[in-house]
Amino acid sequence: MKILVLNCGSSSLKFALIELPTYKVLTSGNEERIGIADSFITFRAPDGKKIERHLDIPNHTRGVEIILDILKEEEFGYIHSFDEIDAIGHRLVHGGERFAQSVRITPEVIEKLKECTPLAPLHNPANILGIEAVTRVLPQTPQVGVFDTAFHQSMPEHAYMYALPYDFYEKYHIRRYGFHGTSHDYVSEKGAEIAGLDRSQSKIVTAHIGSGASMAAILNGKSIDTSMGLTPNEGLMMGTRAGDIDSGVIDFLLTKKDYDPAFIAPYLKKDQDQAGKSHLDLEDVTFLLTKKSGLQGISTQGSDMRDVSKAAENGSHRDKLAIAMHSYRVKKYVGAYAAALGGLDLLVFTAGVGENRAALRTDVCQGLEFLGIKIDETLNSQAVGGKSMIISAADSRVKVAVVATDEEYMIARDTYTILSK
């Protein structure tokens with residue numbers, strides 16, 4: 001069975017064409033900077049050579065179309081006809097309490113996903129666009145949705161509940177759900193394997209650090225806490241998201257009525273009919289916190305850590321500050337989750353920034369020697385470009401690993417299982 005996996009992030013789209021049950025990856029790739037200047041796609045040719053094409057990818061719909069076109073290119077021969085694609089597996093971010101496991105996608109499922117969009121305003125629309133784009137081109141091909149939240153369903157009640165009136169949980173299901181579950185599941189298992197640990201008997205913290213970022217505390221193979229909450233906005237400082245913030249800031253932003261219109265113009269959700277507006281409404285504040293904050297808000301270079309890092313190296317104070325804030329948040333969660341777990345056996349870094357930015361790993365681990373964390377800087381510098389390896393020093397009590405995440409495998413596995421029943 002040939003399965004095309006689509007993993008739509010807020011500004012990226014990973015894909016893989018995978019053959020199961022043998023698990024043969026025919027090709028895989030990534031579209032980056034979607035909706036941002038200098039967007040591009042990289043993918044593997046049949047001979048293993050990495051191909052990079054710079055082209056305009058204004059949105060996820062166009063991104064899916066480009067991927068399907070590449071799969072049919074005669075030069076590569078991945079497929080000769082779309083009929084060879086037996087199924088599509090999608091990463092879906094948020095299904096609330098409606099979806100606790102992977103499902104075959106139907107029109108009813110899509111409608112329920114749309115109802116959950118307020119819970120994941122950056123991701124659910126992208127996920128739905130991916131489903132709809134595929135449906136237009138491959139209307140008869142079965143599609144399966146694999147949810148980010150599933151792995152975190154093992155969280156205990158005291159970890160997933162918010163200290164709000166309990167009525168709001170009972171009536172509206174307001175609680176912590178957590179995200180990046182397929183990644184946390186995979187890298188904790190793979191990290192334990194390369195560290196020589198039994199995941200079912202280990203205390204593990206996983207750090208999924210990309211444009212979107214989250215961390216998880218995993219006890220004996222089960223998630224017991226995670227940094228994202230009801231939506232993917234809570235927790236770490238991210239590419240465009242503020243992460244943890246005092247709720248009083250939101251109140252201040254909403255109640256202030258005398259902003260300089262020129263000052264707030266860039267932070268308004270709607271461009272039309274906004275001239276002279278001197279206040280922010282709820283839609284504007286949500287836009288500000290999810291699209292204009294994080295690295296985007298602090299740095300001079302936007303949301304891409306590669307650009308921010310270059311500016312920091314050239315002496316930009318704001319970009320140095322953005323990097324320091326970003327790393328500090330990760331370090332705080334390592335300490336918090338070590339406490340929640342009652343100790344720590346393994347710390348895993350993954351995702352775009354976590355896998356490729358050695359300086360982030362250095363900043364996070366520096367000062368955590370009291371927890372037993374000590375990295376080998378030579379090994380750390382070698383852990384780039386998708387390498388999965390141990391980077392802790394020989395005398396470190398806690399193993400530290402970099403693991404190239406493989407959410408696509410997890411999605412393909414669930415898709416194959418559902419459609420084989």
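If you read the sequence from its start, that first residue is 1, and numbering goes on from there.
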For [X], what residues pass the salt bridge (charged side-chain N to carboxylate O under 4.0 Å, His left out) criterion, not counting sequence neighbours?
X: Glu65; answer: Arg62
X: Arg175; answer: Glu97
X: Arg361; answer: none
X: Asp376; answer: none

For Gln366, check side-chain hydrogen bond (donor to acceptor under 3.5 Å, both in side chains) against everything at least two apart and list the hits.
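None.
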Would you give me the side-chain donor-acceptor pairs under 3.5 Å for residues 135-143, sequence neighbours excluded?
residue	atom	partner	partner atom	Å
Thr135	OG1	Ile131	O	2.8
Thr135	OG1	Gln143	NE2	2.9
Gln143	OE1	His90	NE2	2.5

Inter- and intrachain pairs under ring pair (Phe, Tyr, Trp, His ring centres under 6.0 Å), touching [range], at least two apart:
range: residues 343-367; value: none
range: residues 191-229; value: His180-His208
range: residues 361-388; value: none

Pairing residues for [X] by the side chain to side chain contact (heavy atoms under 4.5 Å, CB included) criterion, not counting sequence neighbours:
X: Asp47; value: Ala45, Lys49
X: Ala311; value: Thr300, Gln301, Ser316, Asp319
X: Thr149; value: Phe147, Gln153, Tyr177, Phe179

Please find the pair of heavy atoms, one from Asp281 and one from Leu254, that lie closest to each other, and give the distance.
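Where Asp281 meets Leu254 most closely, the heavy atoms are C-CD2, 3.5 Å.
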Arg357 and Ser309 side chains, donor-acceptor separation under 3.5 Å:
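Yes, because at least one side-chain N or O of Ser309 sits under 3.5 Å from a partner of the opposite role on Arg357.
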When you check the side-chain N and O atoms of Tyr333 and Asp244, is any donor under 3.5 Å from an acceptor?
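There is such a pair (donor and acceptor under 3.5 Å, judged by atom type) between the side chains of Tyr333 and Asp244.
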